[in-house]
Every structure is written in C-alpha cells, then in structure tokens.
Amino acid sequence: MHTITSKNLSSEEVLEVHNWLMQNNICVQRLRRDFSDVWPLADILKRHYPRLVDIYNYPKKSSVQLKLANWETFNFKVLSKFKITLSREFMELLSNGVHGAAEVLLHEMIRLEKRQRMAEQRNVTIRQEQAWEENDEVKVVVVNKRVGDAIVQMPQKMILYSLYEKVSQDNLAKEAQIESCLLRLTHMENIIKVKTQRIEELLMQMGKLPTKLANPMSASCFLNYDENYQAPAPAPAPAPSLDSDDRK
C-alpha cells in the first residue's frame, strides 16, 4: 500500500501536472480551492472507472470538516482499490487548501494512470503470448533487437519451416489454378467474340435474301436482288408517220 504524504515537487513534475490539467480542461488558477474537496478528483476518475466511482457519494461541501469527511470516504472506497492511501495529515492539508497539496495529489494520480496503462499493455501481451503457446505450430522465441543505442530482448513469433513450405506450395498451387482460370476466361471471350461476328453476318444476309419466284414449279429458283439495281426506263412510243397524213 502506497501512502501519499506532503512533499515538494520538482519544476518538471509541476509542469507535467499543469499539462495534465490542461488536457482535462481544469483551471490551474483555482486548483487549491477546487481540490480542497474530493468532488473534482472523483469526477475525473469517474470517466476512467465508472463502475468504481459513484460520484453521488461525494457531494460538494463548504466546511473543512465535511470536506475532510469526503476525503476519508473516498480514500477508503476508491483509492484503496488502487493500493493507494492518503495520510491523515495530507487529507487535512487538502481540505484546508494548503499550497502545493493539490499538485502532489494530482501528480500521484498521473503516476497511477501510467501504471494502469502499462498494466493493460502487459496484460494484452500476456494474453497474446498465451494464445501463441496454445497453438503448437507457432512458437515464441526471444530475440535481441536494437532500440536506439540499446539492445533489448523481445518476444517474436516463429513457425516451423515445414509449415512455411507447405503454405508456400499451397499458394503456388492456387496461383496456377488462378492462371488457368484466366486463360480459360480469355478463350471463352474469344469464342464469344467470333460467335457474335458470325451472328452479325447472318443477320446481314437475312436482310438480303432473294425473293421467291411466283411460279410454284420454280419455287426453288431465286433471283438475285440488289438494292442498288435500277429498272430500265420503258422504251418511248414511236412517233407518228408524216406519210400517212399526206395520203389522207
């Protein structure tokens, strides 16, 4: 159990607290007065741990004694779950709005947030490694990797070469099958193209079919028909003879 007591923060730690306050939209000028009561801190932790913090248990108070009672309740119900406790003296400093007490408290909350984030990442890594270990075909080995100027050991997934070879052969077989399907598709497209051209030719010929002869005996005989053919003009009638008129 980590006990929070009064201490002096460095300039870097104070700057970290102020940046954290800006990220959470908290006014730095009213820090001592606002955090003399537990309600602002309870509201912040409520966002991250809604099931753990019931903000209605910590109504805003005005007197120092009632603020101290709120801190005691919050210390027991919430902070103890994170293995953190506030000393009695520190809770009195907070309730009286002593300069620097709120910054120390918030700096501890920032450290708590970092520890929780690291714990979550570690749990994710552990679950992933357990899933890898359950798979007999996948092994986890520790390899050395250079990070900056340092060499760190990191877990890495490895598979058997026989499994890799099998997967590679399956991929090659699938690629050959895909290529065969593409060739077949190209062949079918060419056939469709040829058939389409043949159909168009037949349709053009149907539009130029010769007409049947009227004589049923010669029904099998046809005359060639040409759209550009022009029938010859009829011969002109012969002119009347002048000799016949003279005779009359």
- Query: Applying the side-chain contact (heavy atoms from CB on, under 4.5 Å) test to Leu45, which of Val38, Leu52, Val78 qualifies?
  - Reply: Val78

- Query: Do Phe76 and Leu112 share a hydrophobic cluster (ILVMFWY, side-chain heavy atoms under 4.5 Å, transitive)?
  - Reply: no

- Message: When you group the ILVMFWY residues by side-chain heavy-atom contacts below 4.5 Å and let the links chain together, are Ile44 and Ile110 in the same group?
- Response: yes

- Message: Could you see if Leu79 belongs to whatever hydrophobic cluster contains Tyr49? Use Ile, Leu, Val, Met, Phe, Trp, Tyr and a side-chain cutoff under 4.5 Å.
- Response: yes

- Give, for atom CG of Leu31 and atom CD of Glu103, the distance between the pair rounded to the nearest 0.5 Å. 5.0 Å

- Query: Between atom CD1 of Ile192 and atom CD1 of Ile199, what is the distance when rounded to the nearest 0.5 Å?
  - Reply: 10.5 Å

- Gap between atom CD of Glu13 and atom CZ of Arg111 - 0.5 Å precision: 8.5 Å

- Query: Is there side-chain contact between Lys193 and Glu189, with at least one heavy-atom pair below 4.5 Å?
  - Reply: no

- Query: Any side-chain heavy atom of Leu106 sitting closer than 4.5 Å to one from Phe35?
  - Reply: yes

- Compare all side-chain heavy atoms of Phe82 with those of Gln116 and state whether any distance is below 4.5 angstrom. yes

- Note on the structure: In this structure, NE2 of His99 is separated from CZ of Arg32 (nearest 0.5 Å) by 7.0 Å

- Query: Side-chain contact, heavy-atom cut-off 4.5 Å: Met188 with Thr186?
  - Reply: no

- Message: Could you check whether Glu108 pairs with Arg115 (Lys NZ or Arg NE/NH1/NH2 to Asp/Glu carboxylate O, under 4.0 Å)?
- Response: no

- Looking at OG of Ser80 and CG of Leu86, how far apart are the two atoms once the value is rounded to the nearest 0.5 Å? 10.5 Å

- Query: What residues, two or more places apart in sequence or in another chain, satisfy side chain to side chain contact (heavy atoms under 4.5 Å, CB included) together with Lys195?
  - Reply: Ile191

- Using a cut-off of 6.0 Å, state whether more than 12 heavy atoms not belonging to Asn8 lie near its atom CG. no

- Within the side chain of Asp43, is there an N or O that forms a donor-acceptor pair under 3.5 Å with the backbone of Trp39? no

- Message: Go through it in stages, so that I can follow the logic: the residues are Leu202 and Gln205, the test is side chain to side chain contact (heavy atoms under 4.5 Å, CB included), and I'd like the CA-CA distance, side-chain angles, deciding distance and then a yes or no.
- Response: CA-CA 5 Å; Leu202 292 174; Gln205 292 179 8; 4.2 Å; yes

- Around Arg47, counting heavy atoms of other residues, nucleotides and ligands shown, do more than 12 lie under 6.0 Å from its CZ? yes

- Message: So Leu41 and Leu105, do their side chains get closer than 4.5 Å, heavy atoms only?
- Response: yes

- Query: Under the side-chain hydrogen bond (donor to acceptor under 3.5 Å, both in side chains) rule, what pairs show up with a residue in residues 52-70, not counting sequence neighbours?
  - Reply: Ser36-Lys67, Asp37-Asn70

- Item | Enclosure of Glu201 CD (heavy-atom neighbours >12, cutoff 6.0 Å) | yes

- Query: Around Lys46, counting heavy atoms of other residues, nucleotides and ligands shown, do more than 12 lie under 6.0 Å from its NZ?
  - Reply: yes

- Does the side chain to side chain contact (heavy atoms under 4.5 Å, CB included) test come out yes or no for Gln169 and Asn171, once each step is laid out? CA-CA 5 Å; Gln169 292 176 356; Asn171 289 336; over 6 Å; no

- Given the rule that I, L, V, M, F, W and Y join up when any side-chain heavy atoms are under 4.5 Å apart, are Val64 and Trp71 in one cluster? no

- Query: Going by heavy atoms in the side chains, are Asn75 and Phe90 under 4.5 Å from each other?
  - Reply: no

- Item | Transitive ILVMFWY side-chain link Met22 to Val17, under 4.5 Å | no

- Item | Min side-chain heavy-atom separation Met91-Asn96 under 4.5 Å | no

- Salt bridge check: are Asp170 and Lys166 linked by an N-O gap of less than 4.0 Å? yes

- Task: Start with the C-alpha distance between Trp20 and Glu113, add both sets of side-chain angles, then the distance that settles side-chain hydrogen bond (donor to acceptor under 3.5 Å, both in side chains), and finish with yes or no.
- Result: CA-CA 11 Å; Trp20 185 83; Glu113 184 178 343; 3.1 Å; yes

- Item | Exercise: identify the closest heavy-atom pair between Pro40 and Asp34 | CG-O, 3.2 Å

